[in-house]
2 protein chains.
Amino acid sequence: MVSNAVSQEFARKVAGQDVTVAEWSFMRALYDLEPVPPSVLAEKMGMTKGAISKLAERLLAKGLVVRTENKDDKRAHSLSLTNEGRDKIPVLAALADENDAEFFDTLTREEHETLNRILKILAERRGLDATPVD
Amino acid sequence: MVSNAVSQEFARKVAGQDVTVAEWSFMRALYDLEPVPPSVLAEKMGMTKGAISKLAERLLAKGLVVRTENKDDKRAHSLSLTNEGRDKIPVLAALADENDAEFFDTLTREEHETLNRILKILAERRGLDATPVD
DNA sequence: TATAATAAGTTTCCTAGTCAATGATATTCT
DNA sequence: AGAATATCATTGACTAGGAAACTTATTATA
């Protein structure tokens with residue numbers, strides 16, 4: 001319930017910037033990894049290649065992302081942020097922080113830290129590292 | 001990440017019983033509330049009426065749910081579990097418990113209780129009560 | 001070196017939601 | 001009583017992702 005509520009509220013916030021959560025997640029990954037092939041993003045985001053292909057297409061159409069050919073391998077290409085895309089990162093990151101604060105700042109500092117610690121334990125034991133998309 | 005992983009693994013488990021998470025959620029709500037009109041279910045599950053309408057249709061087709069006319073109001077009807085549907089509840093509930101155990105039994109008793117406590121605080125402060133569906 | 005196996009991405013088909021429009025009653029207001 | 005309005009549910013158009021087939025390119029093998 002909590003996770004869904006946090007996510008849904010975040011979706012509402014980023015919608016104001018004409019971006020979906022999946023798109024944010026994609027752009028955020030690009031910010032760290034660009035230039036990066038779709039296959040790696042699929043891995044990082046826990047989505048299928050097909051989904052990434054379509055997501056990339058949408059972001060391309062919005063002018064937030066560009067493809068660059070790989071000259072060693074004609075099948076492959078890499079994805080990067082456009083300047084416009086990169087400029088959106090801090091705006092969206094601020095919304096993410098705001099969203100987290102809205103939910104988790106009602107906790108005491110100790111509760112907050114404990115929650116983080118426990119969730120990290122759980123993620124680690126399961127070997128989780130895919131950025132959630134919904 | 002944790003929430004998504006728990007949910008995805010649960011989806012995998014119930015798929016073995018030819019049921020989706022949304023269907024389980026629906027049936028579980030019915031178990032508590034039957035007979036219940038779709039509108040109430042939509043509220044409880046945090047889904048739109050449209051989604052409930054289609055979900056109900058699928059469960060009807062599977063023979064797990066039945067509709068009963070409301071004779072006072074011809075627009076309305078109620079939904080209930082069939083015997084077959086009711087029989088599935090304990091099976092699916094066991095899978096849910098098993099799934100929770102799989103993820104959360106690696107925590108110490110204290111960590112487990114703390115996690116519950118904190119999540120309950122968060123849910124309460126937000127007034128959350130919709131059963132998650134994904 | 002021709003052919004088979006594999007790999008990177010895309011596309012198609014399917015499922016499952018939302019949203020908005022609609023249909024069919026019910027209710028309210030005059 | 002009849003018109004306007006509200007309510008319950010379904011439907012259709014649309015969106016997003018998964019699975020698997022497909023296309024093209026690369027690598028391995030006989």
Side-chain angles (χ1 to χ4, degrees), chain A residues 4 7-12 14-15 18-27 29 33 35-62 65-80 130-134, chain B residues 4-5 7-12 14-15 18-27 33 35-62 65-80 130-134:
Chain A
N4 285 7
S7 175
Q8 279 166 32
E9 176 56 23
F10 182 55
R12 215 189 51 70
V14 295
D18 281 306
V19 166
T20 67
V21 176
E23 286 168 2
W24 154 248
S25 186
F26 189 107
M27 290 169 69
L33 303 171
V36 64
S39 48
V40 172
L41 277 177
E43 174 65 24
K44 280 282 171 202
M45 297 178 63
M47 294 174 78
T48 62
K49 298 176 301 166
I52 294 295
S53 184
K54 294 165 197 167
L55 194 40
E57 183 52 41
R58 296 198 293 273
L59 286 165
L60 227 56
K62 288 189 185 184
V65 158
V66 281
R67 274 199 246 266
T68 41
E69 302 301 311
N70 179 332
K71 59 175 164 304
D72 297 341
D73 185 339
K74 285 182 188 163
R75 294 169 306 181
H77 64 254
S78 286
L79 296 159
S80 311
T131 316
V133 148
D134 58 9
Chain B
N4 285 7
S7 175
Q8 278 166 32
E9 175 55 24
F10 182 56
R12 215 190 51 71
V14 296
D18 281 306
V19 166
T20 67
V21 176
E23 286 168 2
W24 154 249
S25 185
F26 189 108
M27 290 170 70
L33 302 172
V36 64
S39 49
V40 172
L41 235 36
E43 173 66 24
K44 280 282 170 202
M45 297 178 62
M47 294 173 78
T48 61
K49 296 176 304 165
I52 293 297
S53 185
K54 292 165 190 169
L55 193 40
E57 183 53 39
R58 297 199 293 273
L59 286 164
L60 227 56
K62 289 190 185 182
V65 158
V66 281
R67 274 199 247 265
T68 42
E69 301 300 312
N70 180 333
K71 57 176 165 303
D72 297 342
D73 185 340
K74 286 182 187 165
R75 293 168 306 180
H77 66 254
S78 287
L79 297 158
S80 310
T131 316
V133 147
D134 57 9

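The sequence lines fix the lettering, A, B, ..., with proteins before strands; numbering per chain opens at 1. All figures in this text were calculated on a predicted structure; none of them were measured in a lab.
- Residue A:Ser39 places no side-chain N or O under 4.0 Å from the OP1 or OP2 atom of C:dA7.
- B:Glu69 and B:Lys74 are not joined by a salt bridge, as no carboxylate oxygen comes within less than 4.0 angstrom of a charged side-chain nitrogen.
- Checking the phosphate oxygens (OP1, OP2) of D:dG18, no side-chain nitrogen or oxygen of B:Arg12 falls inside 4.0 Å.
- In terms of position on DNA chain D, the residue among A:Lys49 and B:Pro38 whose nearest nucleotide sits closer to the 5' end is B:Pro38.
- Remark: P of C:dT11 and CG of A:Leu55 are 15 Å apart, rounded to the nearest angstrom.
- Taking only side-chain atoms of A:Pro37, from C-beta outward, the nucleotide of C:dA16, D:dT11, C:dG9 with the closest atom is C:dG9.
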(request) Go through B:Leu55 and B:Met45 one step at a time and tell me if the side-chain contact (heavy atoms from CB on, under 4.5 Å) criterion holds. (result) CA-CA 12 Å; B:Leu55 193 40; B:Met45 297 178 62; 4.2 Å; yes
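- Within 3.5 Å, no donor on the side chain of A:Lys54 pairs with an acceptor on the base of D:dT15, nor the reverse.
- Listed for the A:Lys62 side chain is a donor-acceptor partner under 3.5 Å among the backbone atoms of A:Asp18.
- At a threshold of 4.0 angstrom between heavy atoms, the contacts of B:Lys74 are confined to the sugar-phosphate backbone, with no base atom among them.
- Atom CG in B:Leu60 sits roughly 9 Å away from atom P in D:dT10 (whole-Å rounding).
- Distances shown here put every side-chain N or O of A:Arg75 at or beyond 4.0 Å from the OP1 or OP2 atom of D:dC22.
- Between D:dA16, C:dT18, D:dG18, one nucleotide has an atom nearer to the side chain of A:Met47 than all others, and that is D:dG18.
- One can place CG of B:Leu59 at 16 Å from C1' of D:dT10, the figure rounded to the nearest angstrom.
- Spacing between atom NZ of B:Lys71 and atom C1' of C:dA26 amounts to 17 Å, rounded to whole angstrom units.
- The CD1 atom of A:Ile52 sits 12 Å away from the C1' atom of C:dG9 (whole-angstrom rounding).
- Rounded to an integer number of Å, the gap from B:Glu43 CD to D:dT7 C1' is 15 Å.
- Whole-Å rounding puts the B:Asp73 CG to D:dA6 P distance at 17 Å.
- Here A:Asp72 lies in heavy-atom contact (under 4.0 Å) with sugar-phosphate atoms only.
- Side-chain N/O atoms of A:Arg58 include one lying less than 4.0 angstrom from OP1 or OP2 on D:dG17.
- Among all heavy-atom pairs drawn from A:Val14 and A:Val21, the shortest one is CG2-N, 4.2 Å.
- Checking side-chain atoms of A:Glu57 against main-chain N and O of A:Lys54 turns up no donor-acceptor pair under 3.5 Å.
- Between B:Asn70 atom CG and C:dA24 atom P the separation is 18 Å, expressed in whole Å.
- Candidate nucleotides D:dT10, C:dG9, C:dT25 were compared by shortest atom distance to the side chain of B:His77, and D:dT10 ranks first.
- Look at A:Thr48 and you won't find any side-chain N or O under 4.0 angstrom from OP1 or OP2 of D:dG17.
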